[in-house]
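Heads up, the thing below is written out as structure tokens.
The analysis underlying the following values was restricted to heavy atoms, covering all of them including side chains, and did not include hydrogens, waters or symmetry mates. The model shown is predicted, which means the values in this text are computed figures rather than measured ones.
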Amino acid sequence: GIHPVTLSASLEDTMAHPGQIVKLFIKVYNDSTNIVKSLKVTLQQVDSTHEVDSAGFRNTKKKTNNLFEDVFYQGSRFPLQPHMNYEGDIAFKLPNNVKPSEVSITGAYCREYILLVQAQVHRHRNPKVELPITIQT
């Protein structure tokens, strides 16, 4: 059977400010025969607009932008060899110019953020975890 690469990730705090360094707790279990090259963290901005059409149906349009990404080798722990595990923290710096999360009073517009964590596996699909994060002013 297939022996997978398992990734788990969580945020120390789901609230943050622009320019802040956020701490992520990471676990990678490499039960595969592949090498995990690195860890990648991407800050994604998700803009949603809600419109109600003439028939009263609510349409949601979502647009996702990758604002910033960083690759981590965690000292020399990565590339992670087959059948090795990793547990540790990542310090990810949010851009200084990132706008705060926003939900308009009517709910018609929403700006949300996700930290997308990926284990970059050699010649294989990358396991990923999406962590919602609220950016305050």
Heavy-atom side-chain proximity of Val41 to Phe68 below 4.5 angstrom = no

Would you confirm whether Arg111, through its side chain, and Pro100, through its main-chain N or O, come within 3.5 Å as a donor-acceptor pair?
-> yes

Ion pair present between Glu69 and Lys40, side-chain N to carboxylate O less than 4.0 angstrom?
-> yes

Any donor-acceptor pair under 3.5 Å linking the side chain of Thr14 with the backbone of Ile133?
-> no

Answer with yes or no whether the side chains of Asn85 and Glu87 bring together a donor and an acceptor at under 3.5 Å.
-> no

Is it the case that Tyr113 and Gln44 place a side-chain donor and acceptor less than 3.5 Å from each other?
-> no

Any chance the side chains of Asn30 and Tyr86 put a donor and an acceptor closer than 3.5 Å?
-> no

Without swapping roles, check the side chain of Gln74 against the backbone of Asp89 for a donor-acceptor pair under 3.5 Å.
-> yes

Lys27 NZ to Thr6 OG1 distance, which is reported to the nearest 0.5 Å = 11.5 Å

Are any side-chain N or O atoms of Ser101 and backbone N or O atoms of Ile135, one a donor and one an acceptor, separated by less than 3.5 Å?
-> yes

Can you list every pair that meets side chain to side chain donor-acceptor pair (under 3.5 Å) and has a residue in residues 124-137, with sequence neighbours left out?
-> Gln120-Asn126

What do you reckon, is CZ of Phe25 surrounded by more than 12 foreign heavy atoms closer than 6.0 Å?
-> yes

Rounded distance (nearest 0.5 Å) linking atom CD1 of Ile114 with atom OG1 of Thr64 | 6.5 Å

Heavy atoms, side chains only, cut-off 4.5 Å: are Leu39 and Phe78 in contact?
-> yes

Residue pair Ile26 / Ala9: nearest heavy atoms and the distance that separates them | CD1-CB, 3.8 Å

One should read off an interatomic distance between Leu131 CG and Phe92 CZ, to the nearest 0.5 angstrom, of 11.0 Å

Any chance you could lay out the side-chain contact (heavy atoms from CB on, under 4.5 Å) test for Leu80 and Ile35, step after step, and finish with the verdict?
-> CA-CA 6 Å; Leu80 190 67; Ile35 288 172; 5.9 Å; no

